[in-house]
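So the structure is just underneath, and the comments pick up after that.
For this chain, numbers begin at 1 and follow the sequence in order.
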Amino acid sequence: MINIRRATAADAAELVRLRGILIAAMQGHHPENDEWRQRARMTLERRLIAPEPTLVAFVVEQPDAPSRLAACAVGTVEERLGGPGNPSGLTGYVFNVATDPAHRRRGYSRLCTTALLDWYRDHGIATVDLRATAPAEPLYRSLGFVRTTDPAMRLHITATI
C-alpha cells in the first residue's frame, strides 16, 4: 500500500531536492545557481507550518528510505477578486509535481496531485490552475484539467533593494 501524507516543515529539504529534479528535466540541465535552494527551503519551512496555510504539499515517501521522498505535489491558494466564474475569488495553483527518477511510473504523482485537489475541494476552492509540460499534460487531462483561452505572460523585474 502506498502511504500518501501531507508534507511538514521537516520535508522542506526533500521538496527542494525534487524541485531541482523537475527544473533540470524542464530546462535540460541542472540549475547553474543554487541560491534558490536555501530560499525555497526557508519558504517551505515557514509556509508549511502556518495555522491557515496558503501553501500545502502532499508527498509519497520512498519505500526503501522513509526519510527521502519519492514524489510530491505542491500547491498554493491565492485570494483574488471574485467574478462570475469564481465568486469566492479563491484560486488554487498546482506546481512542483515531481517524482524521483528511480520511482517513476508507479502513480505517485497522480496520488499526490489527487490528494492536493481533494484538499482544495475540502477548503472550498473550486478553481485550480496549473501549467503543464507536454509529457505531464495527459495526467492533468485525466484529472479534469482543460486548456484555457487565457494566454500566460510574464515579466521579470530587476530588484532595486
Next on the checklist: Filter on side chain to side chain donor-acceptor pair (under 3.5 Å), then keep only pairs touching residues 89-98, sequence neighbours left out; what's left?
Outcome noted: R19-N96, N86-T91
Provide the closest heavy-atom pair for [X] versus [Y] in the form atom of the first, atom of the second, distance.
X	Y	answer
R17	L69	NH2-O, 2.9 Å
P53	W119	O-CH2, 4.0 Å
E45	A12	CG-CB, 3.5 Å
C112	F58	SG-O, 3.5 Å
R131	A152	NH2-CB, 3.2 Å
C72	L15	CB-CD2, 3.5 Å

Checklist entry - Is any NZ, NE, NH1 or NH2 atom of the basic residue among R68 and E14 found under 4.0 Å from an Asp or Glu carboxylate oxygen of the other? => result yes
Checklist entry - Is it true that D129 and R147 make a salt bridge, defined as a side-chain N closer than 4.0 Å to a carboxylate O? => result no
Is there a side-chain contact between [X] and [Y] (heavy atoms, below 4.5 Å)?
X	Y	value
L90	V77	yes
V59	I4	no
R110	T113	no
E78	T54	no
R80	T127	no

Item to check | side-chain contact (heavy atoms from CB on, under 4.5 Å) against P84, all qualifying residues, sequence neighbours excluded | outcome: none
Item to check | Residues that A126 engages under side-chain contact (heavy atoms from CB on, under 4.5 Å), provided they are two or more places apart | outcome: none
First locate atom [atom1] of [X], then atom [atom2] of [Y], and finally report the distance between them rounded to the nearest 0.5 Å.
X	Y	atom1	atom2	value
R39	L44	CZ	CG	14.0 Å
L55	I49	CG	CD1	12.0 Å
L130	L143	CG	CG	9.0 Å

Next on the checklist: Run R106 and T99 through side chain to side chain donor-acceptor pair (under 3.5 Å) and show every step you take.
Outcome noted: CA-CA 10 Å; R106 300 180 192 183; T99 303; over 6 Å; no
Next on the checklist: Membership question, hydrophobic clusters at under 4.5 Å side-chain separation (ILVMFWY): are V94 and V16 in the same one?
Outcome noted: no
Checklist entry - Does the R6 side chain pair with the main chain of V56, one donor and one acceptor, at a distance under 3.5 Å? => result no
Checklist entry - Do the side chain of S142 and the main chain of L139 share a donor and acceptor less than 3.5 angstrom apart? => result yes
